[in-house]
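Values below: every heavy atom of this structure, side chains too, minus hydrogens, waters and symmetry copies.
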Amino acid sequence: MMLIPEVFLCPISLDLMSDPVTLLPTAQTYDRPSIRRWLAAGHRTCPVTMRPLPHHTSGLLAPNRTLKHLIDRWLLLADLALPTLRDNLLDAAAATDSAPMVAAVETLRIVRSLSPPGFCALLLRLLMVRSSGDVLAELALDCLLASPSTRELADALQEEKKLPSSFAFLLRQGSPKVKTALCRLIHTVGAVAVDAVGALGRSEPVMGALAALVRDDTAGGASDAALRAMCSLCSSDQASREAAVTAGAVDALLSYISSGGSRKRPSSCALWTLALETLELVLVSVDAGRQAMYARPGATAVLVKMVFMVPSRQDRVGGCGSEHAIGSLLVACRESAEARVDAINAGLLTRLLLLLQSQCSPRAKANAMALLKLLRAIWARH
């Protein structure tokens, strides 16, 4: 097996360097993206020697062309060794002890650097070895996400029949990095090949694991990635939406929306919109989804709060968050008298009137008018 020479690894990321540069004050070599991130974060010391650096950053870095040439030569040799790399991973996938797993870690680091085609099916098989551990799973997922062909990845997902149970296990038992990467994988493939993730969407254990992550507002990036994955799966077909409802997706989405204000991330508005869009899709298409919403205390009030908020830049551009909140309320209020009363008590009328005076989308305006007409009788009594 070809081991990556230690001199080729960046001391910061421990990955194979693609653009080695020398930090001139200390003569230490780093990968350019890694040392730039280090300096951009405000560090003014050398990561290895911890010697102070000048306050100015211009002129600190110089290309290490000799090392770049050696790395390129080594990569050429590694490319010729692809059959050996494949054999190492096959041994790890079939292993019953830890020895091949240790060798597979180095192999996966090489595969991640090369991003060769034809490895997706083998990497997925490696993911299904539950004794492989988080380190191996993280590296395998990194390789899959770096795959040069999303179509190859989609085909490999579609052909592997035991994948749903393995994915559900990793989504519940894996490290935060494994969970996040797995969700990114589902979302990435689902965006270009819906048929490839159909089996995952129809799996209640997978949907249940995603719902648990979406509901967990302490999961950070894993929660956001799980939301994107769930939305991709719910968009695939009716069976996936029904599985999502059975697995608790409605409660998870409402929990995510109601706690979104405390997340304080720049992407929160876009993620709110995505959660509201998926919730509306589920409520419109699945009867049990509406029943799950009625059974959740305060669900109507959560949606009412999203009808009109102090607009962020994204809301001013599209207003889609409000649009989907109104769509969900319209579906619920048409069917449930209790939902209509709850909506009135939560202040829906005021928010609808404010929305109609704002620059909302035509669909939002039409649904707002329909809601006002629907609530007119209760409005008169109030």
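Remark: His69 engages no residue in a ring-ring contact (aromatic ring centres under 6.0 Å, His included) (not counting sequence neighbours). Taking the salt bridge (Lys or Arg N to Asp or Glu O under 4.0 Å) definition, one finds that Arg363 meets it with Glu280, Glu323, sequence neighbours left out. In this structure Asp15 satisfies the side chain to side chain donor-acceptor pair (under 3.5 Å) test together with Arg112, sequence neighbours excluded. Listed by chain and residue number, Leu227, Leu253, Tyr256, Ile257 satisfy the side-chain contact (heavy atoms from CB on, under 4.5 Å) test with Ala275 (two or more places apart in sequence, or in another chain). Not counting sequence neighbours, Glu138 has no partner by the salt bridge (Lys or Arg N to Asp or Glu O under 4.0 Å) test. The side chain to side chain donor-acceptor pair (under 3.5 Å) check on Ser58 picks up nothing, with sequence neighbours excluded. Remark: Ser285 engages Arg241 in a side chain to side chain donor-acceptor pair (under 3.5 Å) (not counting sequence neighbours). Qualifying side chain to side chain donor-acceptor pair (under 3.5 Å) partners for Glu160, counting only residues two or more places apart in sequence or in other chains: none.
A 4.5 Å side-chain heavy-atom check between Leu123 and Leu108 finds at least one atom pair inside the cut-off. In this structure, Tyr30 and Pro47 have side chains that are in contact, with non-hydrogen atoms separated by less than 4.5 Å. Side-chain contact between Asn88 and Thr84 is present, with at least one heavy-atom pair separated by less than 4.5 Å.
Under the salt bridge (charged side-chain N to carboxylate O under 4.0 Å, His left out) criterion, the residue pairs touching residues 283-303 are Asp251-Arg296, Asp287-Arg290, Arg290-Glu335, with sequence neighbours excluded. Evaluation of the salt bridge (charged side-chain N to carboxylate O under 4.0 Å, His left out) test over residues 181-210, restricted to residues two or more places apart or in two chains, returns Arg202-Asp237.
When all heavy atoms of Ala211 and Ala247 are compared, the closest pair comes out as CB-O, 3.9 Å. Nearest heavy atom pair, residue Gly289 against residue Val250, reads O-CG2, 3.8 Å. Looking at every heavy atom in both residues, Met230 comes nearest to Leu210 through CE-C, 4.0 Å. A pairwise comparison of heavy atoms in Leu279 and Ser328 identifies C-OG, 4.1 Å as the closest pair.
Side-chain N or O atoms of Ser223 include one that pairs as donor or acceptor with a backbone N or O of Val214 at under 3.5 Å. Judged by distance alone, with hydrogens and angles left aside, the side-chain atoms of Gln28 form no donor-acceptor pair with the main-chain N or O of Val48 at under 3.5 Å. Not one N or O on the side chain of Thr180 forms a donor-acceptor pair closer than 3.5 Å with the backbone of Lys177. Judged by distance alone, the side chain of Arg376 and the main-chain N or O of Leu371 form no donor-acceptor pair under 3.5 Å. Looking only at distances, no side-chain donor or acceptor of Ser336 sits under 3.5 Å from a matching main-chain atom of Ala332. Judged by distance alone, with hydrogens and angles left aside, the side-chain atoms of Trp38 form no donor-acceptor pair with the main-chain N or O of Cys46 at under 3.5 Å. Side chain of Asn64 to backbone of Leu67: a donor-acceptor contact under 3.5 angstrom is found. Without hydrogens or angle criteria, Glu242 side chain to Val286 main chain gives no donor-acceptor distance under 3.5 Å.
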Between side-chain atoms of residues 16-24 and protein atoms elsewhere (two or more places apart, or another chain), which donor-acceptor pairs fall under 3.5 Å?
residue, atom, partner, partner atom, Å
Asp19, OD2, Arg32, NE, 2.7
Thr22, OG1, Thr29, OG1, 3.4

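One finds no salt bridge joining Asp224 and Arg228 here, because no Lys/Arg side-chain nitrogen approaches an Asp/Glu carboxylate oxygen to under 4.0 Å.
Both Val304 and Leu356 belong to a common hydrophobic cluster when Ile, Leu, Val, Met, Phe, Trp and Tyr are linked at side-chain heavy-atom distances under 4.5 angstrom. Taking hydrophobic clusters as Ile, Leu, Val, Met, Phe, Trp and Tyr residues chained together by side-chain heavy-atom distances below 4.5 Å, Leu145 shares a cluster with Leu163.
Atom CD of Gln238 sits in a crowded spot, with more than 12 heavy atoms from other residues, nucleotides or ligands closer than 6.0 Å. Taking a 6.0 Å sphere around CZ of Arg125, one finds it holds 12 or fewer heavy atoms contributed by other residues, nucleotides or ligands.
Its side chain outside the 4.5 Å cluster rule for every partner, Val194 clusters with none of the Ile, Leu, Val, Met, Phe, Trp and Tyr residues.
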